[in-house]
Amino acid sequence: MPTSEDELYQEHILEHYEDPYHRGRVAHATHTHEDDNPLCGDVVRIDLKVDPQGKISEVYFDGDGCCISQAAASMLVEHFDQKNLSEVKDFTAEDMLRLFGAKLTPNRQKCCLLSWRVLQAAIYSPVGDAAAPGTTSPPQPSDKEAR
Ligand code: FES
């Protein structure tokens, strides 16, 4: 029988899935990245507009996938709207699982971490000449990923 905490998490996940935060595209994105979960093919893309000070002034996601992957993307985008790139860099896979809240099996953790991987790669993926300060190193998201 579900505890009330489980029910709260379920409700929070469904809210994000049914009424996502910033699903769509950023008109003049400075950074963008898309990736899939190789286990199922579900996709998340994240667009960012980063100002010259490194602040994320706009962030939107889009994608196609399970409730967990899409709700997690919505939570992540909401969390980092108006934040700094440096905060994204410090945000570990464990932080992502904590933000999501609900306890997940290892396969479901991969659903949850899809948007986290995409965001970590997006900050190193400038569109055209829009390289932002401190975003020239290649991404190393797998180093931080929870196993
Ligand atoms: Fe594909 Fe969840 S089942 S990301």
Side-chain angles (χ1 to χ4, degrees), residues 1-50 54-128 130 132 134-135 137-147:
M1 189 173 151
T3 65
S4 58
E5 198 177 66
D6 287 336
E7 284 165 3
L8 277 178
Y9 283 140
Q10 292 297 338
E11 210 172 291
H12 186 56
I13 293 163
L14 273 178
E15 274 169 19
H16 273 276
Y17 183 65
E18 287 169 0
D19 185 19
Y21 183 85
H22 282 193
R23 181 185 274 277
R25 300 224 54 175
V26 173
H28 299 287
T30 57
H31 294 70
T32 189
H33 189 72
E34 177 177 310
D35 206 351
D36 63 8
N37 179 346
L39 296 178
C40 61
D42 290 349
V43 175
V44 167
R45 188 194 60 241
I46 295 180
D47 290 345
L48 302 164
K49 191 183 277 183
V50 180
K55 186 177 136 193
I56 298 169
S57 59
E58 271 189 74
V59 53
Y60 277 72
F61 83 99
D62 206 352
D64 192 14
C66 68
C67 177
I68 291 176
S69 68
Q70 303 303 299
S74 173
M75 290 178 201
L76 184 66
V77 159
E78 182 178 44
H79 183 76
F80 279 106
D81 193 12
Q82 307 301 312
K83 296 262 173 53
N84 232 276
L85 281 187
S86 59
E87 294 170 82
V88 176
K89 291 176 190 169
D90 291 342
F91 194 73
T92 65
E94 286 75 18
D95 293 331
M96 180 70 214
L97 294 172
R98 213 170 299 127
L99 177 71
F100 191 75
K103 290 225 177 335
L104 297 169
T105 63
N107 271 351
R108 292 318 229 165
Q109 287 186 5
K110 290 196 167 64
C111 302
C112 176
L113 292 174
L114 172 58
S115 55
W116 173 81
R117 280 197 292 113
V118 169
L119 181 62
Q120 291 295 331
I123 65 172
Y124 297 103
S125 304
V127 175
T135 59
S137 322
Q140 308 285 327
S142 58
D143 289 352
K144 294 192 235 170
E145 192 165 338
R147 308 246 169 237

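Counting from 1, the numbers follow the sequence of the chain as shown. First listed ligand is number 1; within each ligand, the first listed atom is number 1.
The two residues Leu99 and His79 have their closest heavy-atom pair at CD1-ND1, 3.8 Å. Heavy atoms only, all atoms of each residue included: Cys112 and Leu97 are closest at SG-CD2, 3.8 Å. In terms of heavy atoms, Ser69 sits closest to Leu114 at CB-CD2, 4.4 Å.
With a cut-off of 2.8 Å, atom 1 (Fe) of ligand 1 has no N, O or S atom of Cys66 in range. At a threshold of 2.8 Å, atom 2 (Fe) of ligand 1 has no backbone or side-chain N, O or S atom of Cys40 nearer than that distance.
The protein atom (non-hydrogen) at minimum distance from atom 4 (S) of ligand 1 is Asp42 OD2, 3.3 Å.
Counting the atoms of ligand 1 from 1 in the order shown, those under 4.0 Å from a heavy atom of Ser69 are 4 (S). Within the listing of ligand 1, atoms 2 (Fe), 3 (S) sit less than 4.0 angstrom from a heavy atom of Arg108.
Judged by the shortest distance from any of its heavy atoms, Lys110 lies outside the 4.0 Å radius around the atoms of ligand 1. In this structure, Asn37 has a heavy atom closer than 4.0 Å to ligand 1.
Here the rule is side chain to side chain contact (heavy atoms under 4.5 Å, CB included) with Phe61, and of Gln70, Glu78, Arg45 only Gln70 fits it.
Distance check, rounded to the nearest 0.5 Å: CG of Leu85 to NZ of Lys55 gives 12.0 Å. Atom CG of residue Asp42 and atom NZ of residue Lys110 lie 14.0 Å apart, to the nearest 0.5 angstrom.
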